[in-house]
Structures are given as C-alpha cells and as structure tokens.
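Chain A is the first sequence line, chain B the second, and so forth, proteins listed ahead of strands; every chain is numbered from 1. Values in this document were obtained by computation on a predicted structure and should not be read as measured data.
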Amino acid sequence: MNTSIVWLRDDLRVSDNPALLAGAETSDNLVVVYVLDQESPGIRPLGGATKWWLHHSLEALADKLQRLGGRLILRHGPAHDVLRELIAETSAHAIFWNRRYGGAERELDATIKSFARASGLKAQSFQASVLFEPWTVRTGGGTPYTVFTPFWKSCINNHDIPRMPLDAPPVLPHSPLITRAHGGQEAEPLASDDLASWHLLPTAPDWSAGLAHRWTIGENAAHERLEDFIDTRLPQYADGRDAPARLVTSELSPHLRFGEISPFQVWHRVEAAKAHGDAVVLKNAIKFMAEVGWREFSYHLLYHWPDLATVNFDSRFDAFPWGEANPEALAAWQQGRTGIPLVDAGMRELWQSGTMHNRVRMVAASFLIKNLLIDWRVGEQWFWDTLVDADPASNAASWQWVAGSGADAAPYFRVFNPVLQADKFDPQHEYLHRYLGEYEHPLVSDYPLPIIDLVESRNRALAAFAQLQGIPRAIRPPSP
DNA sequence: CGTCGGTTGGT
DNA sequence: CCAACCGAC
C-alpha cells in the first residue's frame with residue numbers, strides 16, 4: 001500500500017488544494033490530517049472567535065472529504081511529534097502540505113520537512129494561500145516592498161497571472177483499515193480525536209449565538225458568498241464599501257483566513273466577471289482586487305518581518321509615549337461603552353457577530369491608539385481574540401498601519417473624528433441604531449457619556465506624535 | 001482610506 | 001450663509 005499524508009492547516013477545502021491533489025494523485029491510501037497545535041514554540045494560540053470558526057470549518061471539511069471517499073483525521077499536540085507518530089503508524093511514503101508564512105510556522109514546517117526527508121519520505125509543500133509568493137516580489141533594488149501601491153503594481157505587472165484554480169480530487173483513495181507498522185496487531189482504523197474533545201466551542205457562557213446567526217461556515221458557504229458578492233454587491237463596491245450599514249463588502253475574510261476558499265478562486269471569479277462586464281464592473285473589480293492585494297501585502301510584510309504582530313515596524317515608535325495603563329478606558333472600548341457612538345457600535349458588532357465593518361475597524365482602532373493613547377498591540381490582541389477573520393498577517397499589518405508605526409502607514413496626523421466619520425459614512429445613522437438601541441432614545445437611556453473629549457485627546461495625540469517628527473523614519477531591516 | 005481652519009466665490 | 005477648495009499638521 002502506497003500511503004501519503006496530507007497535512008491541512010489554513011487550507012480547509014477540497015478544491016484548489018494542491019497538497020490534497022498531489023496526495024490523491026500519487027497514493028492509493030490518503031491520510032488527511034488536521035493537527036491542533038497549541039504547544040509548539042512561537043505558534044500563537046487561536047483566539048476565541050477563530051476557535052469557534054475552526055470547529056465548524058473542520059466539521060464542514062470532514063463532510064466534504066467523506067463525500068469524496070476520504071476521512072479527516074484529527075490529532076492534537078506539537079505538530080512535529082504528532083506527525084512523526086503518524087508517519088510511523090501509517091508507514092507513509094510521502095507528506096504534502098500548503099505553505100504558511102508566519103515565522104514560527106515556517107521554522108516548524110522546515111523542521112518537519114527535514115525530518116520527513118531524513119526518514120526517507122517525499123516531503124513537498126505548495127503555494128495555495130497567497131497569489132504571489134512573498135520572496136518573489138522585489139523592488140528594483142532587490143528589497144521587499146514597504147509601500148502598498150508599488151507592491152501591488154509590481155504583482156500585477158511584473159508577475160505571471162495567478163494560476164487557474166485546481167479541481168477537487170475526483171476521489172480520495174483511502175483505506176479504512178490500516179495495519180500498524182509495529183507489532184502484529186489486527187488491522188484497525190486510524191485513530192482520530194473527537195472534535196468535541198478539543199473544546200473549541202465556548203461554554204459557560206456560550207457567547208456564540210450571534211456569530212452562528214451571522215455566519216455560514218465551510219467551503220460550500222464560501223463559494224456561495226463569493227457568487228452572491230459578484231452578482232449583487234460587486235456592482236456597488238467602489239461607492240458602497242465604506243458605508244457600514246450597507247451589505248456591500250464581500251465578507252470573505254474569515255473564509256480566506258481558514259482557506260475555505262483560495263485567493264486564486266477569488267481572482268479568477270472576478271476575472272470572469274470583468275470579462276462579461278462593462279466599465280462599471282471593471283472599476284469595481286479593480287477596487288475589490290486591491291483589497292485582496294492588501295491581504296497579499298500583509299503576507300509579504302509578515303514573511304519579511306516575522307515579528308510584525310509584536311514589534312514596531314518603524315522603530316521610532318519603540319519610544320512612543322503611550323499613556324499610563326488605563327484598564328477602565330480599555331474595558332469601555334472592549335465592551336462598546338466609550339460614549340462615542342460609532343466606536344461603540346463597531347465594538348458591539350464585533351462582540352456580537354465576530355466581525356466589524358472595515359471602515360469602523362479603522363475608526364475604532366484610531367480611537368484606541370490616538371484618543372486613548374493605548375498601545376496598538378493591546379488592540380491587536382483584542383481583535384485577535386474576537387474576530388472570526390483574525391489573521392496573523394492582516395490583523396498585525398492593519399493595526400500598525402493605523403498606529404502609524406507600520407509599512408505605508410497612515411500619517412501620524414490622520415486622526416479620525418468618529419462623529420464626522422459617522423455622519424459621512426452612516427448619514428442616516430442606520431448602523432449606529434442597529435447596534436446601539438438605546439442611542440435612539442437618549443433621554444431614557446443609560447447610554448454613557450463620552451469617556452474622553454475628542455478635541456482635547458486629538459490635540460494630545462498630535463503633540464505626542466509630533467515628537468517623532470524630528471527623527472527620521474526608521475524601518476527595521478527585513479529578516480534575512 | 002483625515003481633520004481643521006482658512007480663503008474664495010457663490011447664494 | 002455655505003459649499004468647495006487649499007495648505008498645514
């Protein structure tokens with residue numbers, strides 16, 4: 001028997017999955033495994049909302065695999081130990097996976113690849129989660145990009161068109177029984193954890209009802225989401241994407257986060273829409289793909305600056321005078337009771353549904369960083385815990401962008417005024433009313449007074465940020 | 001992917 | 001009085 005292992009990670013799909021396809025084509029017994037690894041050094045534990053998503057995504061994936069004749073094996077523990085054991089159990093001759101781009105993830109994968117090859121296995125990794133491999137996009141001087149627009153132009157103009165999506169394997173050859181390599185036991189099914197035993201779902205309290213109401217999880221749902229976006233939302237995307245009350249954004253981010261859909265599938269679906277559409281479709285498609293481009297840019301940054309989530313990209317910010325610890329203000333922000341309606345509406349949307357409209361994310365983040373002078377890493381961690389799309393690259397890059405410490409960052413003097421932003425992008429206050437019921441009846445409500453004066457705190461932030469002005473921007477060198 | 005305060009030229 | 005525009009931060 002010719003056994004291959006396919007190790008799935010952030011690619012919980014059967015279509016356009018090069019590792020799964022390679023396994024299916026080169027073996028007659030495919031072992032598809034997901035490893036819950038919360039122990040390997042440097043691997044950041046998932047937040048609550050992403051754990052919840054992962055549980056349901058694994059259920060959906062198991063069903064997809066089963067329909068193709070396969071079976072999803074669940075194991076937990078340090079990935080290196082788990083896979084060494086699995087290789088021994090199955091006498092696999094090959095192992096395949098799709099690449100990850102975080103620092104610790106790359107180190108871990110390299111270690112496992114070395115071990116597998118030293119043990120005589122074929123070990124191969126594939127490009128599946130980004131359109132442009134981070135090391136292939138270089139400036140004229142050979143360095144990684146630190147500005148979005150030239151980065152994305154270079155991707156579009158200087159690189160091969162992203163490959164066509166791959167079909168799902170027609171069948172997943174799988175032997176239900178496997179003979180252990182050691183000892184003479186009877187053939188037995190390969191052991192798999194019970195998903196429930198991983199305790200990915202919240203209990204006591206179960207806060208997931210709002211998330212379950214908002215989201216349908218899994219590969220099928222991701223493609224339905226994409227089709228609906230192309231048909232009904234893309235035509236209004238450029239003009240409507242900034243209005244939080246309108247359903248115009250794609251809402252694909254959590255699906256992309258777990259690889260239920262691939263950026264290649266998104267790219268080529270948008271290309272097809274462009275091919276059949278007019279100039280309006282073209283304009284909207286370019287705008288939308290630029291947002292996919294921001295995701296690519298974030299992965300580019302994460303690959304070249306692996307500590308993106310913890311270290312200021314611009315080291316001038318290492319000396320930035322963040323305010324004294326202010327647990328009351330932080331809690332008010334987290335719980336959506338700052339007394340600033342747009343901030344509170346966004347933070348409540350986040351808590352209830354595991355997401356927040358992009359425009360409101362920028363405003364809520366700007367408020368924490370600039371009005372409250374709280375270190376961006378504190379906000380990044382809260383979003384990591386509460387967003388269903390919490391992504392190691394996009395979340396970190398975006399928080400640094402708002403702080404002004406990041407690549408191609410917002411200039412320090414760009415301080416959002418949440419009141420003006422609400423009037424401009426939510427003129428009927430429809431979004432505010434959706435999440436702040438009491439806001440409609442201020443006289444009878446207990447809606448809090450603002451915890452901070454917007455004008456005063458803006459000026460305080462400008463003064464603090466102005467201290468950096470005399471010092472030249474200091475971008476850390478990329479990791480070799 | 002901004003805000004503010006100023007000016008200008010219109011009503 | 002105010003919308004549109006501009007430069008500074």
Is it true that A:Phe96 and A:Trp7 have ring centroids separated by less than 6.0 Å? no
Contact check, residues 408-429 of chain A vs DNA chain C, heavy-atom distance under 4.0 Å, returns A:Tyr412, A:Phe413
By a strict heavy-atom criterion of less than 4.0 Å, which residues belonging to residues 235-255 of chain A are in contact with DNA chain C? none
Aromatic centroids of A:Trp399 and A:Phe383 separated by under 6.0 Å: yes
For a 4.0 angstrom threshold against heavy atoms of chain A, report the outermost contacting nucleotides of DNA chain B in 5' to 3' order. B:dC1 to B:dC4
When the ring centroid of A:Trp97 is compared with that of A:Phe126, is the distance short of 6.0 Å? no
Face-on cation placement of A:Arg348 at A:Tyr435 ring, 6.0 Å and 45° thresholds: no
Let's go through A:Trp382 and A:Leu330 carefully: what are the C-alpha distance in whole Å and the side-chain angles of both, what is the deciding distance for side-chain contact (heavy atoms from CB on, under 4.5 Å) to 0.1 Å, and is it a yes or a no? CA-CA 10 Å; A:Trp382 182 253; A:Leu330 175 60; over 6 Å; no
Under the 6.0 Å and 45° cation-pi test, does A:Arg44 pair with A:Trp384? yes
For A:Asp109, is there an ion pair with A:Arg99 - N to carboxylate O distance below 4.0 angstrom? no
Quiz item: cation-pi between A:Lys370 and A:Phe416, 6.0 Å / 45°: no
Is the shortest side-chain heavy-atom distance between A:Glu219 and A:Ile261 below 4.5 Å? no
Geometric cation-pi criterion, A:Arg163 with A:Phe264: 6.0 Å, 45°: yes
